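Written out below as structure tokens is the structure these notes cover.
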Amino acid sequence: MQPGELTAWLETTDPERLRELWARADATRHEHVGDEVHLRGLVEISNHCRRHCTYCGLRADRPELERYRMDAEEILTIAHLAVRLGFGSLVLQSGEDPRLGVEFLEQVVRRIKALTPLAVTLSLGERSVDELARLRQAGADRYLLRFESSNRELFARIHPPGPSAARSRMELLAELRRLGYEVGSGVMVGIPGTSLEDLQRDLLTFRELGLDMIGVGPYIPHPATPMGSNPDQPDTGPTWSRELMTYNVIALSRLLCPRANIPATTALDALWPADGRELALCRGANVWMPNLTPLGYRARYEIYPRALPCDDSPERHVAEIARRLAALGRRVGRGPGASPSFADRRALGD
Ligand code: SAH
């Protein structure tokens, strides 16, 4: 697919063309990653953060936000729960928290790997290459680090730089790949100031990076952040609908990276709880990440405003997901569910 063609697809609001795009994405999903939907248990292990990202509610300068950091036993308990629920992998996510030390993380990863069959995915922000190597050595399988936008000037504005010696997210993604991680990245759709050209470049960047996992979700304004309290509409340009655009980026990600794992993201569910996940799963996505963070912590992991479920029984939640998948003619995947793209690379010895 050529860049001009991508922009045309992104821009389209014609219902017939949209149906064609989504049908093509769904057929490609079926052909390359099948009908199984893998469930990943998400655990938000710390909401401490040293960064000042203008979009994110965990940013350092929010004194009113009560911070927490889970201990190893709490995380292990959730790992065992994930196994009981039939999940094949666990995602440990956090703000960029320097006190979540590498020794602690190594131990947690080692214990999960020794005591469970789970694949372990980390999503801990920007860490040093040495730490990433140690965590890989400890057994971590996957790493998620979204580049958020390929527009460098925009990204520098919304994600003020960290310590000066730190590598850029793009450099870290290359290092993660070199270290043998299954690598995930992605973007938020609808960040004020994004152009169609930016989104088109984001998509081509997914392909250039050869991503194994691609997370795409709508940007959700958080009123306690500089970006979220700004009157600018999150959608950009007169013809933009953040909702349509998010699905189009998901569908085009599937067409450009047919063998990647693509989640129906939590942010979709936060904005469109009735059918956001289902629509993503019918337009290219093949992964669901049920949140296993205990509710008391989840309320404080406030990257954007979201409603908390009234029923926190994980068993009932998973039964409900299985029902929703069956209604789409899909089924819950078993095992760790590595992306075919990663398996292909492994087979080639890359
Ligand atoms: N600290 C880690 C994990 C952050 S949370 C990191 O920076 O990688 C995971 C993702 O949530 C981020 O990558 C970002 O894309 C998304 N996110 C953060 N704030 C958001 C917002 N206001 N709306 C939508 N998505 C958001």
Side-chain angles (χ1 to χ4, degrees), residues 40 42-60 62 65 67 69 91-100 105 121-127 131-132 135 142-150 154-155 158-162 166-170 172-173 176 181 183-194 199 202 206 211 213-230 232-235 242-243 245-246 249-250 253 262-272 276 280 289 291 293 297-298 300-306:
R40 319 301 197 191
L42 175 64
V43 200
E44 294 152 336
I45 61 174
S46 161
N47 72 345
H48 288 267
C49 191
R50 62 174 170 178
R51 305 300 291 263
H52 294 84
C53 305
T54 63
Y55 48 87
C56 181
L58 300 188
R59 62 203 311 275
R62 283 196 65 208
L65 180 66
R67 306 282 173 166
R69 188 178 292 118
V91 182
L92 308 183
Q93 194 182 78
S94 70
E96 207 170 294
D97 177 6
R99 295 203 29 212
L100 208 49
L105 291 166
T121 304
L122 302 176
S123 174
L124 310 170
E126 296 161 32
R127 317 266 323 190
E131 287 182 353
L132 295 172
L135 294 169
R142 305 174 184 158
Y143 206 99
L144 301 174
L145 184 69
R146 292 189 181 175
F147 60 79
E148 315 292 3
S149 169
S150 61
L154 175 73
F155 182 62
I158 68 173
H159 181 85
R167 309 275 187 104
S168 73
R169 289 200 167 198
M170 293 296 184
L172 286 176
L173 289 167
L176 287 164
Y181 280 97
V183 181
S185 192
V187 297
M188 288 175 282
V189 175
I191 302 169
T194 315
L199 287 176
D202 292 345
F206 295 163
L211 295 179
M213 303 173 281
I214 302 173
V216 171
Y219 159 63
I220 305 176
H222 188 310
T225 60
M227 195 192 286
S229 57
N230 185 318
D232 274 2
Q233 287 303 308
D235 300 350
R242 191 173 19 149
E243 185 174 10
M245 195 60 85
T246 304
V249 174
I250 290 174
S253 301
I262 300 182
T265 49
T266 315
L268 282 167
D269 184 59
L271 279 189
W272 306 294
M289 294 165 71
N291 197 327
T293 311
Y297 291 143
R298 213 186 300 177
R300 292 187 256 161
Y301 195 82
E302 212 191 38
I303 48 183
Y304 45 73
R306 56 181 177 183

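Remember, it's 1-based here, ligands and their atoms both numbered in the order they're listed. Treat the numbers as computed from the prediction; the structure is a model and nothing was measured.
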Without swapping roles, check the side chain of Ser185 against the backbone of Leu145 for a donor-acceptor pair under 3.5 Å. yes
Heavy atoms of Gly57 and Arg62 approach each other most closely as O-NH1, 2.7 Å
Could you tell me which non-hydrogen atom of Pro305 sits nearest to which non-hydrogen atom of Ile220, and how far apart they are? CD-CG2, 4.2 Å
Going by an N to O cut-off under 4.0 Å, is there a salt bridge joining Glu96 and Arg127? no
In the protein, which heavy atom is nearest to [atom], and how far is it?
{"atom": "atom 22 (N) of ligand 1", "answer": "Ile220 O, 2.8 Å"}
{"atom": "atom 11 (O) of ligand 1", "answer": "Ile303 CD1, 3.7 Å"}
{"atom": "atom 9 (C) of ligand 1", "answer": "Gln93 NE2, 3.5 Å"}
{"atom": "atom 13 (O) of ligand 1", "answer": "Glu148 OE2, 2.6 Å"}

Atom pair CG/CG of Leu122 and Leu92 - distance to nearest 0.5 Å: 5.5 Å
Assess the residue pair Arg142 and Met213 against the criterion (side-chain contact (heavy atoms from CB on, under 4.5 Å)); give the C-alpha distance rounded to whole Å, side-chain angles, the decisive distance to 0.1 Å, and a yes or no. CA-CA 9 Å; Arg142 305 174 184 158; Met213 303 173 281; 3.7 Å; yes
So is there a nitrogen or oxygen of [X] less than 3.5 Å from a nitrogen or oxygen in ligand 1?
{"X": "Leu144", "answer": "no"}
{"X": "Ser123", "answer": "no"}
{"X": "Ser94", "answer": "yes"}

Looking at Arg169, which atoms of ligand 1 are within less than 4.0 Å of one of its heavy atoms? 6 (C), 7 (O), 8 (O)
Short list, please: which atoms of ligand 1 are under 4.0 Å from a heavy atom of Arg146? 13 (O), 14 (C), 15 (O), 16 (C)
Cys49, Gly57, Pro218: member with heavy atom nearest to atom 24 (C) of ligand 1: Pro218
Parallel, tilted or perpendicular: rings of Tyr55 and His159 (30°, 60°): parallel
Proximity to ligand 1 by part of Tyr55, non-hydrogen separation under 4.0 Å: both
With heavy atoms under 4.0 Å as the rule, classify the contact between Met188 and ligand 1 as side chain, backbone, both or neither. side chain
Which of these, Arg306, Arg298, Arg69, Arg300, sits in a salt bridge (Lys or Arg N to Asp or Glu O under 4.0 Å) with Glu44? Arg306
